[in-house]
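Step one of this worksheet: look at the structure below.
To find a chain, count down the sequence lines: A is the first, B the second, and so on, and within it residues start at 1. No hydrogens, no waters, no symmetry mates; every other heavy atom, side chains included, goes into these values.
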There are 2 protein chains.
Amino acid sequence: MKKSGRPVIPRKTIYRLSIYLRCLARLRENSIGTVSSEALAKAAGVKPTQLRKDLAYFGTFGTRGLGYDVNELSLKISDELGTSSLQPVILVGVGNLGLALLSYRGFEKEGFEIIAAFDAEPRRKRDKEIKQPILGMDEMTSFIREHGVKMAILSVPAAAAQVVANRLIESGVMGILNFSPIVLAVPEDVMVNNVNLAIELENLSYFIQS
Amino acid sequence: MKKSGRPVIPRKTIYRLSIYLRCLARLRENSIGTVSSEALAKAAGVKPTQLRKDLAYFGTFGTRGLGYDVNELSLKISDELGTSSLQPVILVGVGNLGLALLSYRGFEKEGFEIIAAFDAEPRRKRDKEIKQPILGMDEMTSFIREHGVKMAILSVPAAAAQVVANRLIESGVMGILNFSPIVLAVPEDVMVNNVNLAIELENLSYFIQS
DNA sequence: AAGCGTTTGTGAAAAACTTCACATGAAGGC
DNA sequence: GCCTTCATGTGAAGTTTTTCACAAACGCTT
Ligand SMILES: NC(=O)c1ccc[n+]([C@@H]2O[C@H](COP(=O)([O-])OP(=O)(O)OC[C@H]3O[C@@H](n4cnc5c(N)ncnc54)[C@H](O)[C@@H]3O)[C@@H](O)[C@H]2O)c1
Ligand SMILES: NC(=O)c1ccc[n+]([C@@H]2O[C@H](COP(=O)([O-])OP(=O)(O)OC[C@H]3O[C@@H](n4cnc5c(N)ncnc54)[C@H](O)[C@@H]3O)[C@@H](O)[C@H]2O)c1
């Protein structure tokens with residue numbers, strides 16, 4: 001482990017922390033002030049021990065015999081995840097999928113905001129529900145630099161994905177949420193999370209036939 | 001390992017098999033007939049040893065000194081994954097996201113077909129691009145039973161997700177691809193794959209700030 | 001203030017997964 | 001037909017992640 005603050009938290013733990021955070025949010029909505037590792041773990045679909053191990057990576061927040069304070073734990077987790085402040089995100093590729101994502105009003109309350117979208121053909125009619133500007137590709141680099149954008153959602157056709165990704169990275173983007181069904185080649189310090197629906201379906205299909 | 005056919009392939013391996021399959025498809029498009037574990041692994045973003053271990057779980061297909069036959073390997077993998085035959089899938093919740101998924105023409109060539117969609121308000125205008133029927137919720141159970149549907153894509157609002165999931169499961173669905181940002185409670189033998197974009201973004205955000 | 005029931009935090013054990021190292025097998029040239 | 005080259009397949013070692021088991025800590029009751 002590293003010496004201070006960051007004991008190298010496993011990737012999977014980080015993923016689960018996000019889940020815990022959402023479960024805690026729902027508890028808070030229901031005005032529940034305290035929760036045991038058992039209850040929270042059940043809500044998150046994991047084992048209580050795992051939840052406690054996950055939390056132990058970055059502190060000890062519980063009260064023995066009682067459980068965790070919902071508000072305090074929420075705060076600590078979102079602090080650790082770095083989502084306490086709103087992150088600006090851009091989207092590239094305003095097609096069927098991109099449009100659905102743009103019009104989704106659920107990201108803001110999770111700490112993200114899609115502040116602009118880019119497309120090769122930005123002449124697209126302004127959808128009534130969409131409030132973000134849709135800009136041309138030639139404006140992308142300067143926009144990214146000016147706004148210090150670090151993350152992008154990539155929903156262009158597969159054939160264009162690598163080229164667009166390269167431009168994003170050149171412009172300073174460090175994290176890409178990639179919807180196109182190809183493996184992007186990127187430098188080590190750039191992070192790509194892939195969302196591939198065909199793979200998810202294939203996966204389901206395999207495990208239900210067993 | 002079990003005695004025949006199914007040596008208990010790790011979950012992560014299954015996931016990677018899907019990725020290999022897609023890389024192989026691209027090689028085939030480029031008329032490449034043979035590939036080494038090194039080349040394929042690079043394309044898939046994994047280590048060559050891992051690729052070979054993954055394949056070893058269900059057979060030995062390579063030729064030493066030469067590599068793998070692209071066609072043969074594709075066939076074996078899709079056989080193992082059970083995607084050699086087209087799987088019928090339904091979608092529930094034809095909103096912004098559901099509509100984008102319905103109009104996507106990329107699933108068929110991956111072995112899946114969304115054969116129908118269901119919504120609480122099916123009176124929705126038939127989009128020109130959508131060829132699937134959009135039916136009411138009262139028709140769902142009988143449709144699932146008649147067509148032997150085993151998988152469903154769930155893109156209803158969070159508040160409705162659990163209720164709809166219950167109905168899907170009662171009707172015989174064994175696998176759910178869940179887009180709503182909640183953890184579904186399901187019986188053991190039902191499999192849920194979650195796609196949670198907020199979590200993916202949060203994850204990116206964490207790892208790029210380190 | 002002591003006892004009781006509950007639940008955390010955590011080393012240690014187990015399981016799962018990845019990487020290493022190299023023997024083995026196949027193809028093609030000489 | 002043998003030898004060289006290349007790349008697979010795999011036992012063993014290494015690493016990471018999960019689970020177990022239980023002592024320690026806290027609140028509440030008496
Ligand atoms: N729609 C879905 O449900 C779905 C499902 C799974 C995966 N995907 C993947 O998501 C991606 C987008 O899918 P879609 O259905 O929205 O496609 P789409 O064709 O509807 O939209 C693609 C958009 O990207 C734009 N574009 C094309 N080339 C570009 C470039 N070089 N630079 C910038 N913009 C460019 C196009 O103008 C278009 O607006 C694809 O890679 C697809 O495989 C989509
Ligand atoms: N749109 C996005 O980009 C996006 C991104 C991330 C997550 N999600 C999640 O995906 C889900 C759908 O999102 P959306 O933006 O498409 O929402 P939406 O409101 O546009 O669509 C929801 C659809 O579900 C239908 N519906 C509502 N209750 C129903 C019920 N009980 N039975 C059947 N159908 C019902 C509605 O009629 C509507 O057509 C939500 O859970 C959302 O949180 C969406």
Side-chain angles (χ1 to χ4, degrees), chain A residues 1-2 6-20 23-24 27 32-74 76-77 80 203 206-207 210, chain B residues 1-2 6-20 23-24 27 32-74 76-77 80 188 203 206-207:
Chain A
M1 68 177 120
K2 275 196 278 175
R6 285 280 147 66
V8 190
I9 303 181
R11 215 201 141 86
K12 285 183 141 186
T13 292
I14 295 299
Y15 203 86
R16 285 190 298 264
L17 288 179
S18 287
I19 299 175
Y20 304 152
C23 294
L24 288 166
L27 292 174
I32 294 170
T34 294
V35 67
S36 69
S37 65
E38 189 173 346
L40 183 53
K42 189 167 178 202
V46 303
K47 293 225 161 60
T49 352
Q50 179 142 75
L51 166 52
R52 297 203 296 272
K53 256 275 141 72
D54 284 343
L55 299 182
Y57 280 113
F58 62 102
T60 75
F61 320 109
T63 309
R64 298 183 185 209
L66 194 63
Y68 301 89
D69 180 277
V70 172
N71 283 313
E72 187 194 342
L73 188 56
S74 297
K76 294 293 181 163
I77 294 180
E80 184 60 31
N203 205 247
Y206 177 83
F207 284 104
S210 323
Chain B
M1 70 177 120
K2 274 198 279 177
R6 286 278 146 70
V8 190
I9 304 180
R11 216 202 141 84
K12 285 182 141 185
T13 291
I14 295 298
Y15 204 85
R16 284 190 298 264
L17 289 180
S18 287
I19 298 174
Y20 303 152
C23 294
L24 288 166
L27 292 173
I32 294 169
T34 293
V35 67
S36 69
S37 65
E38 189 174 346
L40 184 53
K42 189 166 178 203
V46 303
K47 292 225 164 59
T49 353
Q50 179 143 76
L51 165 52
R52 297 203 296 271
K53 254 277 142 68
D54 285 342
L55 299 182
Y57 280 113
F58 62 102
T60 74
F61 319 109
T63 309
R64 297 184 184 209
L66 195 63
Y68 302 90
D69 180 277
V70 171
N71 282 312
E72 187 195 344
L73 188 56
S74 297
K76 295 293 180 161
I77 294 180
E80 183 60 31
E188 279 213 350
N203 204 246
Y206 178 83
F207 284 103

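With contacts defined as side-chain heavy-atom distances shorter than 4.5 Å, the pair A/Tyr20/A/Leu73 does not qualify. Side-chain contact between B/Ile14 and A/Phe207 is present, with at least one heavy-atom pair separated by less than 4.5 Å. Looking at heavy atoms from C-beta onward, A/Phe58 lies in side-chain contact with A/Ile9 at the 4.5 angstrom threshold. A/Leu55 has its side chain out of reach of A/Thr60: every pair of non-hydrogen atoms, C-beta onward, lies at least 4.5 Å apart. Counting only heavy atoms from C-beta outward, the side chains of A/Asn203 and B/Tyr15 approach each other to under 4.5 Å.
For A/Lys12, counting side-chain heavy atoms from C-beta on, the closest listed nucleotide (C/dT19, C/dA26, D/dT18) is D/dT18. Side-chain proximity of B/Thr63 to the nucleotides C/dC17, C/dT7, C/dA26 is greatest for C/dA26. Nearest to the side chain of B/Lys53, among C/dT8, D/dT18, C/dT19, sits C/dT19. Here the side chain of B/Arg64 is nearest to one of D/dT8, C/dA27, C/dT7, namely D/dT8.
In this structure, B/Leu55 places its CG atom 10 Å from C1' of D/dT8, rounding to the nearest Å. Between the OH atom of A/Tyr68 and the P atom of D/dC26 there is a distance of 14 Å, rounded to whole Å. Protein atom CD of A/Gln50 is 19 Å distant from nucleotide atom P of C/dA14, rounded to whole Å. In this structure, B/Ile9 atom CD1 and C/dA16 atom P are separated by 15 Å, rounded to whole Å. We find that OH of B/Tyr15 is positioned 17 Å from C1' of C/dC17, with the value rounded to whole Å. Between B/Arg52 atom CZ and D/dC6 atom C1' the separation is 12 Å, expressed in whole Å. Note: CZ (B/Arg11) to C1' (D/dT18) measures 15 Å, nearest angstrom. Atom CD of A/Glu38 is separated from atom P of D/dC20 by 13 Å (rounded to the nearest Å).
Two residues, B/Val35 and A/Asp54, neighbour DNA chain D, and the one matched to the more 5' nucleotide by heavy-atom proximity is B/Val35.
OP1 or OP2 of C/dC20 has not a single side-chain nitrogen or oxygen of B/Thr49 nearer than 4.0 Å.
For DNA chain C, the stems formed by at least three consecutive Watson-Crick or G-U pairs, with both atom-pair distances below 3.5 Å, span C:1-30 with D:1-30.
The distance from atom NZ of B/Lys42 to atom OG of B/Ser36, rounded to the nearest 0.5 Å, is 10.5 Å. In this structure, the separation between OG1 on B/Thr13 and OH on A/Tyr206 is 9.5 Å, given to the nearest 0.5 Å.
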